[in-house]
Amino acid sequence: MKIGYPCINWSIDCSSGRTFRLKSYSEERLIKTVENNLECLLSILKFNKENNILFFRITSELIPFASHPVCTFNWQEYFNPRFKEIGNFIKLNNIRISIHPDQFILINSKDYKVFENSVKELEYHAEVLTLMKLDTTAKIQLHVGGVYGDKKKSIERFVNRYKKLGEKIKRRLVIENDERSYNLFDCLSINKETGVPILFDVYHHYINNSGETLQDAFEIFSNTWKKETDGLPMVDYSKENEKKGKPRHADRIDIGHFKRFLKDTKPFDFDIMLEIKDKEKSALKAVKIASSDSRFKRVI
DNA sequence: TCACGTCAAGCAGAT
DNA sequence: ATCTGCTTGACGTGA
């Protein structure tokens, strides 16, 4: 069991997701920005390692416009030594990595052009992990996509499109249950057809489920991960924001809730991504809580 | 130096 | 029709 947080560290005075406007694109600007982003990424990983935070989601913004036609620069070759260096640090310290393409990436879109653009973006994500020479336990997590008024057809479309993807994407791709369209069982039906592992989002499951218990859910998604090639299952953890109004992620970790969560999931081992607004602050607290858990002790 | 309009990309649900 | 959340602010023009 490793514990981590996504993309941003507020304690360190840098961002690994600096970007710029498309209008101001230039090769020079791209190089400068990516240099900054990679350097900051390594700083964050070092901070994490020192604090026993061994799971991290790399931002999709690492290489701005990587999949956009405007970018003809061979960033893969230019930054190859830097990627290798970061990859070495990750492997040396046994850090788990995930990456989450954003909401525009839709495999099952009705618009074929959107699918094609999504493939380009997925190739970029896969390349980042491959340039770091990470094995296939480093995952790209994606939602199933839109429903377009017909869930059955949209799931079929996902399955057919998935089969067209290259091996470099497929060996890293995992799907995540979401809070309104595709719940765990919907994901499971896609897993049956494709073998794609299911990344379980605890908070989304709380909002959108089919009545199954948390233990049943853990049994189901855990079995979709192959231990040797996929590694331990990944779990996104969050909880309802206390502030009334629309459902959203919590601002900070709820210690009691997290303790109960660890207890309730006792028979299962997995890596936890804390989707909580205050990022590394909550991760530090979670590490402290988990430090007496035998699953956590195994990795540090 | 600061305010604030806008930023590559899509969908769904609420207003 | 328009706004908001999603993993979430931050870029950059104009004053």
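Here the structure is a predicted model, which is why all the values come from computation and not from measurement. In what follows, every chain begins at residue 1, and chains take the letters A, B, ... in the order their sequences are listed.
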Does a nitrogen or oxygen in the side chain of A:H204 sit under 4.0 Å from OP1 or OP2 of C:dT7?
yes
Side-chain donor or acceptor of A:Y124 paired with backbone N/O of A:I63 under 3.5 Å:
yes
Which listed nucleotide (B:dA12, C:dT8, C:dT7) is nearest to the side chain of A:V147?
B:dA12
Are A:I272 and A:L232 co-members of a hydrophobic cluster defined by side-chain heavy atoms under 4.5 Å apart?
no
Contact under 4.0 Å: A:R57 side-chain N or O vs C:dT7 OP1/OP2
no
Round to a whole Å and report the spacing from CG of A:D150 to P of B:dA12.
12 Å
Run the salt bridge (Lys or Arg N to Asp or Glu O under 4.0 Å) test on A:R171 and A:D135 for me, step by step, so that the C-alpha distance in whole Å, both residues' side-chain angles and the decisive distance to 0.1 Å come before the verdict.
CA-CA 10 Å; A:R171 67 196 182 130; A:D135 63 26; over 6 Å; no
With a 4.0 Å cut-off on heavy atoms, is A:Y148 in touch with a base, just the backbone sugar-phosphate, or nothing at all?
sugar-phosphate
Taken to the nearest whole Å, CG/A:N208 to P/B:dA12 is 14 Å
Suppose we define a pair by two distances each less than 3.5 Å, Watson-Crick or G-U wobble; what does B:dG10 pair with here?
C:dC6
If you check every side-chain atom of A:E275, which of B:dC11, C:dT7, C:dT8 has the closest atom?
C:dT7
Going by chain and number, the hydrophobic cluster around A:L92 (ILVMFWY, side chain to side chain under 4.5 Å) further includes none
Distance in angstrom units between A:Y182 OH and B:dA12 P, rounded
8 Å
Can a side chain N or O of A:K23 be found less than 4.0 Å away from OP1 or OP2 on B:dC7?
no
Starting the side chain at C-beta, find the nucleotide from C:dT8, B:dA8, C:dT7 nearest to A:W10.
C:dT8
Rounded to the nearest Å, what distance is computed from the NE2 atom of residue A:H143 to the P atom of nucleotide B:dA9?
20 Å
Mind checking if A:T19 touches a base, just sugar-phosphate, or nothing, with heavy atoms under 4.0 Å?
sugar-phosphate
Would A:H143 and A:Y182 count as a close aromatic pair, with their ring centres under 6.0 Å?
no
For DNA chain C, find the residues of residues 98-124 of chain A with a heavy-atom distance under 4.0 Å and give them by number; none if there aren't any.
A:H100, A:P101, A:D102, A:Q103
Note: for A:P6 and A:F20 on DNA chain C, the residue whose nearest nucleotide lies more 5' is A:P6
Could you tell me which residues satisfy disulfide (SG to SG under 2.5 Å) with A:C71, sequence neighbours excluded, listed by chain and number?
none
What is the distance, rounded to the nearest whole Å, between atom CZ of A:R180 and atom C1' of B:dA14?
11 Å
Grab the CE-C1' distance between A:M273 and C:dC6 for me, whole Å please.
16 Å
Just how far, in rounded Å, is P of C:dT7 from CD1 of A:I276?
13 Å
Could you check A:H125, A:E127, A:E123 and say which one makes a side chain to side chain contact (heavy atoms under 4.5 Å, CB included) with A:I169?
A:E123
Please state how far atom CG in A:D178 lies from atom C1' in B:dA12, giving the value in whole angstrom units.
10 Å
